[in-house]
Undergrad: 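Encoded as structure tokens, here's the structure I'll be asking about.
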Amino acid sequence: MNRADAPSRHLGILKHSLFWPVTVLIVMLLANVIFTRDFLAIRIEQGHLYGSLIDILLFGAPLILVALGMTMVIATGGVDLSVGATVAISGALACDLIAKGHGLPVAIGAAIGASLLLGLWNGLLVTRLGIQPIIATLILMVAGRGIAQLITGGQIITINNQGYKLIGGGYWLGLPFAIILVAVALVVTVVLTRRTALGLLIESVGGNAQASRLAGIRSSGLIVLAYVFCGLCAGVAGLMISSNTLSADGNNAGLWIELDAILAVVLGGTALTGGRFSLAGTVLGALIIQTLDTTIYTAGIPPRTTLVFSAAVVTIVCLLQSPAFRARFTRKRPERPADPVSTGPKQEVTA
Amino acid sequence: MFKRLILAIAGVSLALTAVTACGGSDGGSTGSNSDTLVLGFSQVGAESGWRTANTLSIKEAAKTAGVDLKFSDAQQKQENQIAAIRSFIKQKVDVIAFSPVVVTGWDAVLKEAKAADIPVILTDRAVDSDASLYVTFLGSDFVEEGRKAGQWLVDEYKDAKEPVNIIQLEGTVGSAPAIDRKKGFEEAIAANPNLKVVASQSGDFTRAKGKEVMQALLKANKDVDVLFAHNDDMGLGAMQAIEEAGRTPGKDVKIVTIDAVRDGMQALADGKFNFIVECSPLLGDQLMATAKKVKAGETVDKRIVTVETVFDQAKAKEALPTRKY
């Protein structure tokens, strides 16, 4: 599959796993220019960058982060449905502590600590008790929102702490701090998984947990690690979401973000069956989802039809991603040039 | 062994239902014999500050009115609510009141109540069942709330010569308040052709979505004069988006919302909001009065609208210290 022949190098780009997600993202951004002429413009407003592209990155930041954690879990062959609940708990805990007069380090520390524990809980349920990931994390998905409501007392907690605001809604050196945070998390994850053997080990566990255990890999430890990492990402995302509006909403914070995150992972080309994963693909997937949301708002699509519109775009991306679907079209195309050029190996590639 | 376990569970649950049934008939005998009104109330849940205030109002009003209130929390589930109403019927309460979780699926249980001769009052939300199955619907008129918000704009901009551009943040798609408030608002502003809704998107009644949607809409619509949000929370989120775009909420962009929860009232008192239409959860006193009338056999209106007001910035400053929610 990767043996791109020299004459068909341009086809090699077409075959790159991220070609279609990138194309869709670019097409969506360009389509926005039709509705809003200065959509791609970025200017300085009150000493920081301001523009639609910045908005997409800023509001997409929590989703990218959650999807990053989700990629690791999915790579091990699992799935984590509880990230939305973790987002709610982390935000609620931090805001509650700040409202009660505790300092920022205590509030953030407690929220992150709780998120790590929730991740550990998921990981232990999956590895020690052997519960299927979708069921194990469903427990926390349902119960977690209840915990968040207990913390907030069923109310929306509003705080006024400019230091806390920095995490999800503030700017540092003119850049949104949330974007910097996500970039750091992304770089650390890439280095840890691609510059060490960790990524390979996770992929092998996802590919075949039994075989990798027999090969001497401690698969259960790796799986727990993936869930803890996912919990951490969700926890930080929870801080971002609550910090952006300086309020904690136990009912609605991070609601359905688990589905968006899974979608982002899948759009990025990582299979739900586990094994090989693509971090760049996940980031692209998350950006596609956020751009889609922004497009819906700015293009004035009636609220009643937004779900249909999103579904249509997602379907198109998924179809473009599917080799079986593309093959239907590529199989026809080479038949025409096949007569004059008659390239044997090329047909082999497409078949 | 597994079979035995199931049998044991079934046995225990049977015993439990028997116990609750006994308790039910006990309650019934005391209820129907004494003079105090016994009111069974099934609440939706405790999903927001508004709902908590609603529950508190009903509990306090029952205490002051000397009503024996049997309160049940359905935790956002229709099956819990139906179970609660059935248990009220078994307990032979005088009047049943409930705030339905959803619009559909109430026919069977309402017929059971009717067969047991127990009048039913709906509060805050409506059902699609036949009107003969309940006595009255006590709650806010969402269309009227939208109309009041629109009317304020019509008055505020009656001398405007140029078009006034309005952004509308709608509630959750398909929810009754979102549909009705939009309808009432658009009806009212039709009186002045200068008032134009340039963009209308759903913000899901939440602060985070309100901010996100407003941030995008502000970039697509450069000249915005007014924001109308279907609830305070979306307005509060949008307010932050307006500030971050370098404009002053309340002055450059006027903000009109509905609900009047504490954070919204605070923003109004601070001059960041311009007008709030109240959607009051404090219907406890009205509910007790209506329930007493119903028990006494008096006829009541099929539709009773909650007593509600509107707030401008001056009134918000006055009302804020004594605000209950």
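Here the structure is a predicted model, which means the values were calculated and not measured. So that the names make sense, note that chain A is the first sequence line, chain B the second, and so on, each numbered from 1.
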Undergrad: Mark yes when over 12 heavy atoms from residues, nucleotides or ligands other than B/K315 sit less than 6.0 Å from its NZ; otherwise mark no.
TA: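 Enclosed: over 12 neighbouring heavy atoms sit under 6.0 Å from NZ of B/K315.
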
Undergrad: Relative to chain A, which segment of B/E170 carries a heavy atom at a distance below 4.5 Å: side chain, backbone, both, or neither?
TA: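 It is the side chain, since no backbone atom gets that close.
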
Undergrad: For the NZ atom on B/K251, are there more than 12 heavy atoms of other groups (residues, nucleotides or ligands in this structure) within a distance under 6.0 Å?
TA: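 Counting neighbours around NZ of B/K251, 12 or fewer heavy atoms of other residues, nucleotides or ligands fall under 6.0 Å, so no.
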
Undergrad: Counting heavy-atom pairs closer than 4.5 Å to chain A, which one of B/G210, B/A178, B/A220 comes out on top?
TA: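 Of B/G210, B/A178, B/A220, B/A220 has the most heavy-atom pairs under 4.5 Å with chain A.
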
Undergrad: As an exercise: rank A/G300, A/G153, A/S247 by heavy-atom pairs under 4.5 Å with chain B and give me the winner.
TA: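 Ranked by heavy-atom pairs under 4.5 Å with chain B, first place is A/S247.
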
Undergrad: Say you draw a straight line from CG of B/L218 to OG1 of A/T298; how long is it, rounded to the nearest 0.5 Å?
TA: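 It comes to 12.0 Å.
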
Undergrad: What is the distance from atom CG of A/L246 to atom CD of B/Q240, rounded to the nearest 0.5 Å?
TA: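 Taking CG in A/L246 and CD in B/Q240, the distance rounds to 6.0 Å.
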
Undergrad: Go through A/I301, A/L307, A/I241 and name the one with the most non-hydrogen pairs under 4.5 angstrom from chain B.
TA: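 Going by pairs under 4.5 Å, I would pick A/I301.
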
Undergrad: What distance separates A/L255 CG from B/D204 CG, expressed to the nearest 0.5 Å?
TA: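 Going from CG on A/L255 over to CG on B/D204, the span is 8.5 Å.
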
Undergrad: Measuring heavy-atom distances to chain B, does A/N32 have an atom under 4.5 Å in its side chain, in its backbone, in both, or in neither?
TA: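 Contact with chain B is absent: no heavy atom of A/N32 under 4.5 Å.
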
Undergrad: Quick check: closest heavy atoms across B/T52 and A/Q155, and the distance to 0.1 Å?
TA: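 So the minimum-distance heavy-atom pair works out to OG1-NE2, 3.3 Å.
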
Undergrad: Using only atom types and a distance under 3.5 Å, with no angle test, would you say the side chain of B/K211 pairs donor to acceptor with the backbone of A/N244?
TA: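 Yes: the side chain of B/K211 pairs with the backbone of A/N244.
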
Undergrad: Identify the heavy atoms of B/E244 and A/Q46 that sit nearest to each other, and give their distance.
TA: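 Heavy atoms of B/E244 and A/Q46 come nearest at O-OE1, 3.6 Å.
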
Undergrad: Do you know the tightest heavy-atom contact between A/P303 and B/S202?
TA: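 So the two residues come closest at CG-N, 3.8 Å.
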
Undergrad: Kindly give the heavy-atom pair with the smallest separation between A/I296 and B/Q201, and that separation in Å.
TA: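 The answer is O-NE2, 3.4 Å.
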
Undergrad: More than 12 foreign heavy atoms under 6.0 Å from CD of B/E187: is that the case here?
TA: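 Yes, CD of B/E187 has more than 12 neighbouring heavy atoms, counting only those of other groups under 6.0 Å.
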
Undergrad: Does a side-chain heavy-atom distance below 4.5 Å link B/E212 with A/Y297?
TA: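 Yes, at least one pair of side-chain atoms sits under 4.5 Å.
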
Undergrad: Which residues, numbered in order, of residues 50-62 of chain A come under 4.5 angstrom of chain B by heavy-atom distance?
TA: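 The stretch touches chain B at A/Y50, A/G51, A/S52, A/D55, A/F59.
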
Undergrad: Work out which heavy atom in B/G246 is nearest to a heavy atom in A/E45; give both atom names and the distance.
TA: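 The pair with the smallest heavy-atom distance is CA-OE2, 3.8 Å.
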
Undergrad: How about A/R304: does its CZ atom have over 12 heavy atoms from other parts shown lying under 6.0 Å from it?
TA: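 For A/R304, atom CZ is not crowded (no more than 12 foreign heavy atoms under 6.0 Å).
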
Undergrad: I'd like to know whether A/T158 forms a side-chain hydrogen bond (donor to acceptor under 3.5 Å, both in side chains) with B/R262, so could you lay out the CA-CA distance, the side-chain angles of the two residues, the decisive distance to 0.1 Å, and finally the verdict.
TA: CA-CA 10 Å; A/T158 308; B/R262 183 179 288 278; over 6 Å; no

Undergrad: With a 4.5 angstrom heavy-atom cut-off, which part of B/Q266 approaches chain A: side chain, backbone, both or neither?
TA: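 Interface part for B/Q266: neither.
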
Undergrad: Please flag which part of B/V213 lies under 4.5 Å from any non-hydrogen atom of chain A: side chain, backbone, both or neither.
TA: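 Contact with chain A involves both backbone and side-chain atoms of B/V213.
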
Undergrad: Please classify the contact between B/A241 and chain A as side chain, backbone, both or neither, with a heavy-atom cut-off of under 4.5 Å.
TA: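 Looking at B/A241, nothing touches chain A.
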
Undergrad: Please identify which of these residues, A/T245, A/D249, A/I156, meets the side chain to side chain contact (heavy atoms under 4.5 Å, CB included) condition with B/D233.
TA: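 Among A/T245, A/D249, A/I156, the one that satisfies the side chain to side chain contact (heavy atoms under 4.5 Å, CB included) with B/D233 is A/I156.
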
